[in-house]
Amino acid sequence: MTDSRDVFEIHLRWGDMDALAHINNVQIARLFEQARVEAFNRWFGNARKGIHLLVARQEIEYRAVLHYSPEPVRIVCAISSIGRSSFEFGYELLDPAGTVCALAETTVVTMTRDGSPTPIPDEVRAILDQHGGEPVAFRRRSGTPG
């Protein structure tokens with residue numbers, strides 16, 4: 001796999017802020033979702049309609065407070081691993097100044113139309129492989145509550 005990460009610029013909405021005047025954690029998950037949708041549209045175009053996916057897992061690590069700005073945030077996105085019937089989207093969310101505010105990884109499973117997991121089709125795998133990158137560098141917990 002080569003490191004060919006894509007960058008997506010996404011504008012924040014005023015309503016994405018919470019009572020503490022920063023972007024709410026649920027909205028950050030939606031920003032990652034938006035990048036994932038835009039990635040699939042960019043990478044697959046109209047062929048996207050024949051691919052059925054299910055999000056099986058998502059992990060988000062918050063690194064810095066994301067404040068509202070009229071300037072777009074950037075989400076750097078790549079496929080961090082590909083398995084038999086699932087693959088991982090890895091993301092990095094940067095504020096307009098370039099500060100990493102959050103990291104995420106989403107496990108996506110390819111499904112049949114009736115909802116059963118199915119192997120990733122070769123043509124889909126080939127496109128995903130073109131957008132490969134390193135696994136997300138999460139800070140791992142030590143097992144000791146802080």
Side-chain angles (χ1 to χ4, degrees), residues 1-45 47-69 72-96 98-121 124-146:
M1 224 186 270
T2 61
D3 184 7
S4 52
R5 300 179 299 167
D6 282 83
V7 177
F8 300 89
E9 290 191 347
I10 300 173
H11 286 276
L12 300 173
R13 300 173 304 175
W14 182 258
D16 292 340
M17 282 190 292
D18 63 16
L20 298 174
H22 64 271
I23 304 304
N24 183 277
N25 63 315
V26 172
Q27 302 302 16
I28 289 175
R30 288 187 176 128
L31 292 171
F32 289 128
E33 175 187 53
Q34 183 66 36
R36 189 170 61 250
V37 169
E38 289 184 23
F40 254 71
N41 287 335
R42 184 183 294 176
W43 300 345
F44 290 92
R48 162 73 175 95
K49 294 179 182 174
I51 304 168
H52 305 289
L53 304 172
L54 175 72
V55 172
R57 181 176 186 279
Q58 181 156 294
E59 182 175 357
I60 300 174
E61 180 178 297
Y62 301 94
R63 294 269 179 108
V65 173
L66 178 58
H67 294 282
Y68 175 80
S69 170
V73 297
R74 287 176 297 147
I75 298 181
V76 181
C77 175
I79 301 301
S80 55
S81 72
I82 304 173
R84 183 180 156 280
S85 62
S86 67
F87 56 94
E88 305 271 345
F89 268 94
Y91 322 84
E92 187 176 64
L93 169 61
L94 298 99
D95 71 9
T99 301
V100 175
C101 295
L103 304 174
E105 200 161 55
T106 303
T107 304
V108 180
V109 178
T110 53
M111 308 292 284
T112 61
R113 196 133 180 73
D114 67 359
S116 302
T118 188
I120 299 169
V124 171
R125 182 179 298 276
I127 292 171
L128 294 174
D129 199 42
Q130 293 173 15
H131 299 281
E134 294 296 317
V136 175
F138 289 117
R139 296 179 193 145
R140 296 297 173 188
R141 297 180 191 195
S142 65
T144 307

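All values below come from the heavy atoms of this structure, side chains included, with hydrogens, waters and symmetry mates left out. Just so you know, these numbers come straight off a predicted model, no measurement behind them.
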Legend entry - Pairs involving residues 102-121, ordered by first then second residue, that meet salt bridge (Lys or Arg N to Asp or Glu O under 4.0 Å) (sequence neighbours left out): none
Inset, instruction - Would you list the pairs meeting salt bridge (Lys or Arg N to Asp or Glu O under 4.0 Å) in which at least one residue belongs to residues 56-65, sequence neighbours left out? - result: Arg57-Glu59, Glu59-Arg140, Glu61-Arg63
Measure the [atom1]-[atom2] distance between [X] and [Y] for me, rounded to the nearest 0.5 Å.
X: Leu93; Y: Cys77; atom1: CG; atom2: SG; result: 12.0 Å
X: Asn25; Y: Arg30; atom1: CG; atom2: CZ; result: 10.0 Å
X: Leu103; Y: Cys101; atom1: CG; atom2: SG; result: 10.0 Å
X: Ile79; Y: Asp129; atom1: CD1; atom2: CG; result: 10.0 Å

Inset, instruction - State which residues pass side chain to side chain contact (heavy atoms under 4.5 Å, CB included) with Ala29; sequence neighbours excluded, sorted by chain then number. - result: Gln58, Ile60
Legend entry - Contacts of Pro119 that satisfy side chain to side chain contact (heavy atoms under 4.5 Å, CB included) - sequence neighbours left out: Arg84
Inset, instruction - I would like to know whether Val55 and Arg36 meet side-chain contact (heavy atoms from CB on, under 4.5 Å); could you show each step before the answer? - result: CA-CA 11 Å; Val55 172; Arg36 189 170 61 250; 3.7 Å; yes
Nearest heavy-atom neighbours spanning [X] and [Y]:
X: Ile75; Y: Ala35; answer: CG2-CB, 3.7 Å
X: Pro72; Y: Pro96; answer: O-CG, 3.6 Å
X: Thr99; Y: Ala64; answer: CG2-CB, 3.9 Å

Show me the donor-acceptor pairs within less than 3.5 Å that the side chains of residues 6-14 make with the rest of the protein, sequence neighbours left out.
residue	atom	partner	partner atom	Å
Asp6	OD1	Trp43	NE1	3.2
Asp6	OD1	His131	ND1	3.0
Asp6	OD2	Arg42	NH1	3.1
His11	ND1	Pro70	O	3.3
Arg13	NE	Asp16	OD1	3.1
Arg13	NH2	Asp16	OD1	2.9

Inset, instruction - If the plane angle is over 60° it's perpendicular, under 30° parallel, otherwise tilted; pick one for Phe89 and Phe87. - result: tilted
Inset, instruction - Please identify each residue that fulfils ring-ring contact (aromatic ring centres under 6.0 Å, His included) with Phe44, with sequence neighbours left out. - result: Phe40
Inset, instruction - Evaluate side-chain contact (heavy atoms from CB on, under 4.5 Å) for Val109 paired with Ser86, printing each intermediate quantity in order. - result: CA-CA 4 Å; Val109 178; Ser86 67; 4.1 Å; yes
Only counting residues at least two apart or in another chain, list the ones meeting side chain to side chain donor-acceptor pair (under 3.5 Å) with [X].
X: Glu33; result: none
X: Arg125; result: none
X: Thr107; result: Glu88

Inset, instruction - Look only at the side chain of Thr110 and the backbone of Ser85, and say whether a donor-acceptor pair between them is shorter than 3.5 Å. - result: yes
Inset, instruction - For Tyr68 and Ile23, run side-chain contact (heavy atoms from CB on, under 4.5 Å): C-alpha distance rounded to whole Å, both residues' side-chain angles, the deciding distance at 0.1 Å, then the answer. - result: CA-CA 6 Å; Tyr68 175 80; Ile23 304 304; 4.2 Å; yes
Inset, instruction - Tell me, with the steps shown, if Leu66 and Val73 meet side-chain contact (heavy atoms from CB on, under 4.5 Å). - result: CA-CA 9 Å; Leu66 178 58; Val73 297; 3.9 Å; yes
